[in-house]
Amino acid sequence: MDDLLGWRKEFPTLETTVHMISHSLGAMPRRVHERLREYADTWSSRGIRAWEEGWWEMPVTIGDLVGRIIGAGPGEVVMQQNVSTCVATVLSCFDWSGPRNKIVSEAANFPSNLYQCHAVEKLGARVVTVPSDDGIGVPLDRLLAAIDDQTQLVLFSHVLFRSSFVQDIGAITRRGGSVKWLCGGPGAAYLYVRRDLWPKLEPRFTGWMAHKRPFAFEDKPMDYAEDAFRFLNGTPAIPALYAARSGYEIIAEAGVERIRQKSVRQTSRLIELAREAGFRVNSPENPAKRGGTVVIDVPDGAEVARELLRRNFLVDYRPGAGIRVAPHFYSTDDELDLTIREIRAVARERVPAARAR
Ligand SMILES: Cc1ncc(COP(=O)(O)O)c(C=O)c1O
């Protein structure tokens, strides 16, 4: 029995689509309707008073819901608008003009993150990226070897977006120093900074919310808050935070361990089905090294993915990788079969069309 399927009724979209795209956008929890109504009612009835009645603290109170999922302590996670803002905050904590100016990353990191690293080269940083040999993983020994005493920051993705390869976060953080699956929706990203590092980090990308006494409106140099508010900047995106909380609550309640177990079982089955259908798989074989997505190499993948979307099969395509298929805790085993069957059907229909061209 798969108890996790009990959650399906909380996600209305699952009644009309095969949702295999939680690596990009998780399904919307039904409760988001109520939360956004609560936001509008609060704004309308409480007006400016809402700031004192919870809005001001929301980047941290919602951050605590994420903290529960990732194992962070209370007050250690702050919500920001997106991953790029989190990365900008972190990069702005360091001085890049000295000899310890190296940033180590993987060439397969999400481009947005690398754009920001290259932008601080103007301030003296040196960016070193470790390539992939097989287009799937990053060789851990080479990544670790790149981290030396000139390294100031290691910026890496826990799971690579193109292949779903899981990096060894423990080994990398021992040597050196991100909201899709959480169903939180756009406009909400989280930043975790270990508590003992707070006093050492003063982001140059900042704002009044990061000040120790924001309502004193002081015109002196910045005096950072002692808590994780120091990593915030301007007025937070309150509606996005209302929308985000339902997904975090559901994931915490469903349980990360159970979700992972199911994911490993379903992605293994997807790989089997894809191979039986004659497709090559561009995701790691070893389940421990594989995230929640299976990347399937299909001829004319971009067009096949577009046709699948038209048929209510929610997947996507990444150049140089393939069609990304991601079951989540709310997916049934039947949907795995349906998805592969549909990919095969669309791909087959395209072959005669391609020959005719
Ligand atoms: C792995 C990864 N990192 C970073 C980003 C960029 O995130 P944002 O658009 O929130 O800045 C994405 C966006 O899809 C991503 O997949």
Side-chain angles (χ1 to χ4, degrees), residues 1-39 62 65-66 68-70 159 164 178-188 190 240-274 277 283 287 290-296 305 307-317 323-346:
M1 263 305 285
D2 181 354
D3 298 342
L4 287 172
L5 290 182
W7 289 104
R8 281 178 74 82
K9 60 182 183 311
E10 294 295 323
F11 295 87
T13 184
L14 302 180
E15 289 158 24
T16 51
T17 62
V18 178
H19 192 100
M20 291 285 158
I21 198 160
S22 302
H23 50 244
S24 183
L25 184 65
M28 191 197 84
R30 183 186 300 282
R31 300 173 197 174
V32 171
H33 290 289
E34 284 157 47
R35 292 298 184 196
L36 286 177
R37 171 164 290 284
E38 185 188 331
Y39 162 67
I62 302 295
L65 299 178
V66 176
R68 217 157 50 120
I69 296 170
I70 65 170
V159 180
S164 194
S178 198
V179 189
K180 306 168 195 245
W181 300 97
L182 301 187
C183 305
Y190 65 87
L241 299 180
Y242 270 88
R245 72 175 302 152
S246 307
Y248 306 163
E249 286 165 354
I250 290 171
I251 297 283
E253 213 180 307
V256 172
E257 281 305 316
R258 289 170 67 212
I259 293 175
R260 175 67 178 158
Q261 270 172 21
K262 173 169 177 173
S263 167
V264 164
R265 182 177 68 72
Q266 289 197 318
T267 52
S268 300
R269 177 73 187 136
L270 261 177
I271 291 179
E272 239 173 67
L273 291 169
S283 291
R290 190 172 66 233
T293 303
V294 172
V295 184
I296 305 176
E307 176 59 21
L308 288 163
L309 284 171
R310 216 186 51 76
R311 299 183 184 187
N312 286 336
F313 283 80
L314 308 190
V315 296
D316 63 10
Y317 169 78
I323 295 181
R324 301 193 302 174
V325 181
H328 206 356
F329 63 103
Y330 36 61
S331 304
T332 65
D333 290 349
D334 281 351
E335 287 177 313
L336 307 179
D337 292 290
L338 281 175
T339 304
I340 298 295
R341 211 180 302 158
E342 206 66 21
I343 292 178
R344 192 153 76 164
V346 176

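Nothing fancy with the numbering, it's 1 onward along the sequence.
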Open item on the list: Run the side chain to side chain contact (heavy atoms under 4.5 Å, CB included) test on H328 and I259 for me, step by step, so that the C-alpha distance in whole Å, both residues' side-chain angles and the decisive distance to 0.1 Å come before the verdict.
Closed with: CA-CA 7 Å; H328 206 356; I259 293 175; 3.9 Å; yes
TODO: Show your reasoning for whether side chain to side chain contact (heavy atoms under 4.5 Å, CB included) applies to T13 and M28.
DONE: CA-CA 7 Å; T13 184; M28 191 197 84; 5.8 Å; no
TODO: Let me see the working for L273 and R341 under side chain to side chain contact (heavy atoms under 4.5 Å, CB included), right down to the final yes or no.
DONE: CA-CA 9 Å; L273 291 169; R341 211 180 302 158; over 6 Å; no
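In summary, R260 and E257 do not engage in a salt bridge, as defined by a charged side-chain N under 4.0 Å from a carboxylate O. D2 and K262 are joined by a salt bridge, as a carboxylate oxygen and a charged side-chain nitrogen come within less than 4.0 angstrom of each other. Checked for salt-bridge contact, R31 and E34 miss the test: no charged N lies under 4.0 Å from a carboxylate O.
Using a distance-only test at 3.5 Å, with no hydrogens or angles considered, no donor-acceptor pair links the side chain of E342 to the main chain of F313. Between the side chain of S164 and the main chain of R290, no donor-acceptor pair closer than 3.5 Å is present. In this structure a side-chain-to-backbone donor-acceptor pair under 3.5 Å is present from R258 to A254.
Aromatic ring pairs are classed by plane angle as parallel below 30°, tilted from 30° to 60° and perpendicular above 60°; the pair H23 and W181 is perpendicular.
Remark: E15 pairs with R30 by the salt bridge (charged side-chain N to carboxylate O under 4.0 Å, His left out) rule, at least two apart or across chains. In this structure R324 satisfies the salt bridge (charged side-chain N to carboxylate O under 4.0 Å, His left out) test together with D316, sequence neighbours excluded. Every residue meeting the side-chain contact (heavy atoms from CB on, under 4.5 Å) condition with R8, not counting sequence neighbours, appears here in chain and number order: L5, L14, Y330, T332, E335.
Residue D333 holds its CG atom at 9.5 Å from CG of L270, rounded to the nearest 0.5 Å. Here the straight-line distance linking atom CG of L182 with atom OH of Y190 works out to 6.0 Å at 0.5 Å rounding. M20 contributes atom CE, which lies 13.5 Å from atom CD1 of I323 (distance to the nearest 0.5 angstrom). Distance check, rounded to the nearest 0.5 Å: OG1 of T17 to CG of L314 gives 4.0 Å. For the atom pair CD1 (I296) and CD1 (I343), the distance works out to 4.5 Å, reported to the nearest 0.5 Å. Atom CZ of R245 sits about 4.5 Å away from atom CD of E249, to the nearest 0.5 Å.
Residues R311 and V18 are not in side-chain contact: their nearest non-hydrogen atoms beyond the backbone lie 4.5 Å or more apart. In this structure, P186 and L25 have side chains that are in contact, with non-hydrogen atoms separated by less than 4.5 Å. Counting only heavy atoms from C-beta outward, the side chains of I250 and C183 never approach each other to under 4.5 Å. Between E38 and R35 the shortest side-chain heavy-atom distance falls below 4.5 Å. Counting heavy atoms from C-beta on, the side chains of S283 and T293 never come closer than 4.5 Å.
For T267 and S263, the side-chain atoms include no donor-acceptor pair closer than 3.5 Å.
A pairwise comparison of heavy atoms in A27 and H19 identifies N-NE2, 3.3 Å as the closest pair. Residues P12 and P29 come closest through the heavy atom pair CD-C, 4.5 Å.
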